[in-house]
Engineer: 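Before we start, here is the structure in question, set down as structure tokens.
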Number of protein chains: 2
Amino acid sequence: MIQEHLLYLFGAEKLFFLKGEQIFNEEQQAVSYYQITKGEVKMNNFNDDGKEFIQGIFLKGQSFGEPPLFSEVKYPANAEALTDCEVLRLSKERFLALLKVHPEEHLKITAALAKRLYYKAIMASELSSQEPEHRILRVLDYLKDHVHNLKEPFSFELDLTRQQIADLTGLRVETVIRATKSLEKKGELKIKNRKLYR
Amino acid sequence: MIQEHLLYLFGAEKLFFLKGEQIFNEEQQAVSYYQITKGEVKMNNFNDDGKEFIQGIFLKGQSFGEPPLFSEVKYPANAEALTDCEVLRLSKERFLALLKVHPEEHLKITAALAKRLYYKAIMASELSSQEPEHRILRVLDYLKDHVHNLKEPFSFELDLTRQQIADLTGLRVETVIRATKSLEKKGELKIKNRKLYR
DNA sequence: AAAAGTTTATGACCAAAGTCATAATTTAAA
DNA sequence: TTTAAATTATGACTTTGGTCATAAACTTTT
């Protein structure tokens, strides 16, 4: 998102995380800006009875966990490496200093937040619909369009397990399995040896 | 949010809406910044079968509908006057010009977006929990803490109908009626001649 | 190659929220 | 002040997604 050379100029450090490692957790005060240079990261919460909810999945080039940098609050969720990955980290103070000196980067950040808010809003209303099939399709379309930027039908090969889809939609694995099969029958999805295409 | 005199300086106009009037709808391209000087506004969507979902409620001093001003998209929801109200409107171009000239106002906007994103994220995970009572409490607490800034127990007198609570939580009226009664029994809510207190 | 672990799959049952019908109560309008 | 409309309330019934148990098909590890 922010140009890498600028991040380095302001003192960013490069960090490495192995698949499954936690980058930060929701208990912590937010003190750094993070931007991915390699790999994938997910942000998630666990509710009272241990069920996971995936807030979002972030790819190379994207930043995550910025919102709390603009106020004195904790992270809204945990961040965990979905694959081995490489991340640039910049302290909150330096991040804000960078934005001050580079208004065009500030505008990019604002635009990124706005975009995310936009889709969170759309998702909120879509997910309030109870029908599992509807919820699944909307989440998949969101990932397809706005995370991977794919347009062609069935061009999106999901590398998500049914469990992960469940965690993204707030449903149960069994429900996701049944719903995806039903969606395949309706021609909304394709399943080729267990892999999902949308 | 943005200082009023600045808005006027950049050519904002004052508009009046009657209770129930629509300020913009989700079909429209976003072309203006809006800030409330009197009254309340809600943003909502209607899903395929006509069920309403309330995205948020905004009070005097707050702005709404800004996210799409940072990209070329439509509004994520409709905006409707909840009470008679007075609103300042500034065109997108002038709004962006204002931010350019006044970085401190830009930062305020970014912070506001960040804050909203933060709570949308928390809400998303809370609302993925299926239990109606939990969903209702979380929405009410959100309104109490972050819209009305109230802290004392039962200091928040809801001026929402059961139907509106249903629309905020994605539940049905009957479910809300039953759940609120159950919550009262548990001491989580108070009901004084049909009015809810939290 | 075998064993252990994941992920996908399927059926039976249950609980809980939705649906529908109807009515009481409150509020707004004529 | 009546009438009409909206809101709250309650019961009966239905649907649907969750739960639990079990198994098959893949993957990964040993």
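Values below: every heavy atom of this structure, side chains too, minus hydrogens, waters and symmetry copies.
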Engineer: More 5' along DNA chain C: A/T180 or B/L171, using each one's nearest nucleotide?
Structural biologist: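 Nearer the 5' end of the strand: A/T180.
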
Engineer: Just checking, any donor-acceptor pair under 3.5 angstrom between side chains of A/T110 and B/T110?
Structural biologist: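 Their side chains do contain a donor-acceptor pair, which is all the 3.5 Å distance test asks for.
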
Engineer: For the pair made of CD in B/E131 and P in C/dA15, what is the distance, rounded to whole Å?
Structural biologist: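 The answer, rounded to whole Å, is 16 Å.
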
Engineer: Does the side chain of B/N45 come under 3.5 Å of the side chain of B/Q55 through a donor N or O and an acceptor N or O?
Structural biologist: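 The answer is yes; a qualifying pair exists.
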
Engineer: Check the distance between C/dT19's P and B/I177's CD1 and give it to me in whole angstrom.
Structural biologist: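 One finds 14 Å between P of C/dT19 and CD1 of B/I177, rounded.
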
Engineer: Starting at atom CG of B/D167, determine the distance to atom P of D/dT8, rounded to an integer number of angstrom.
Structural biologist: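 Value for this atom pair: 12 Å.
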
Engineer: Which of parallel (below 30°), tilted (30 to 60°) and perpendicular (above 60°) describes B/Y75 and B/Y34?
Structural biologist: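 Taking B/Y34 first and then B/Y75, their aromatic rings sit tilted (interplane angle of 30° to 60°).
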
Engineer: Rounded at 0.5 Å granularity, tell me how far CG in A/D167 sits from CG in A/N44.
Structural biologist: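 These two atoms lie 8.5 Å from each other.
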
Engineer: Which pairs with one or both residues in residues 148-197 of chain B pass ring-ring contact (aromatic ring centres under 6.0 Å, His included), sequence neighbours excluded?
Structural biologist: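 Non-adjacent pairs meeting ring-ring contact (aromatic ring centres under 6.0 Å, His included): B/H148-B/F156.
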
Engineer: Write down the distance between CG (B/L160) and C1' (D/dT8), rounded to a whole number of angstrom.
Structural biologist: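 These atoms are roughly 15 Å apart.
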
Engineer: Need the bend value for the helix from C/dA1-D/dT30 to C/dA30-D/dT1: angle between end axes, 5 pairs each end, nearest 10°.
Structural biologist: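 The value is 50°.
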
Engineer: Test: salt bridge (Lys or Arg N to Asp or Glu O under 4.0 Å). Region: residues 109-125 of chain B. Which pairs qualify, not counting sequence neighbours?
Structural biologist: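 Residue pairs passing salt bridge (Lys or Arg N to Asp or Glu O under 4.0 Å), neighbours aside: B/E66-B/R116.
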
Engineer: Taking ring pair (Phe, Tyr, Trp, His ring centres under 6.0 Å) as the definition, give me every residue that meets it alongside A/H106, ordered by chain and number, with sequence neighbours left out.
Structural biologist: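 Listed in chain order: B/H106.
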
Engineer: What is the distance, rounded to the nearest whole Å, between atom CD of B/Q163 and atom P of C/dT27?
Structural biologist: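 In whole Å, C/dT27 P lies 18 Å from B/Q163 CD.
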
Engineer: Nearest heavy atom decides the nucleotide; on that basis, is A/P132 or B/K181 closer to the 5' end of DNA chain D?
Structural biologist: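 That would be B/K181.
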
Engineer: Return the value, rounded to whole Å, for the distance between atom CZ of A/R162 and atom C1' of C/dT6.
Structural biologist: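 One finds 13 Å between C1' of C/dT6 and CZ of A/R162, rounded.
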
Engineer: How does protein reach along nucleotides 19-30 of chain D, written 5' to 3' as B (base within reach of a heavy atom under 4.0 Å), S (only sugar-phosphate), or - (no contact)?
Structural biologist: BB----S-----

Engineer: Indicate whether the side chain of A/E86 and that of A/T37 have a donor and an acceptor atom separated by less than 3.5 Å.
Structural biologist: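 The answer is yes; a qualifying pair exists.
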
Engineer: Quick one: list whatever passes salt bridge (Lys or Arg N to Asp or Glu O under 4.0 Å) with B/K144, sequence neighbours left out.
Structural biologist: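 For B/K144, no residue satisfies salt bridge (Lys or Arg N to Asp or Glu O under 4.0 Å) once neighbours in sequence are set aside.
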
Engineer: Just the rounded figure in Å: distance from C1' of D/dA6 to NZ of B/K195.
Structural biologist: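 Going from B/K195 (NZ) to D/dA6 (C1'), I get 14 Å.
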
Engineer: Separation of A/R135 atom CZ from D/dT16 atom C1', in whole Å?
Structural biologist: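 My rounded result for the distance is 13 Å.
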
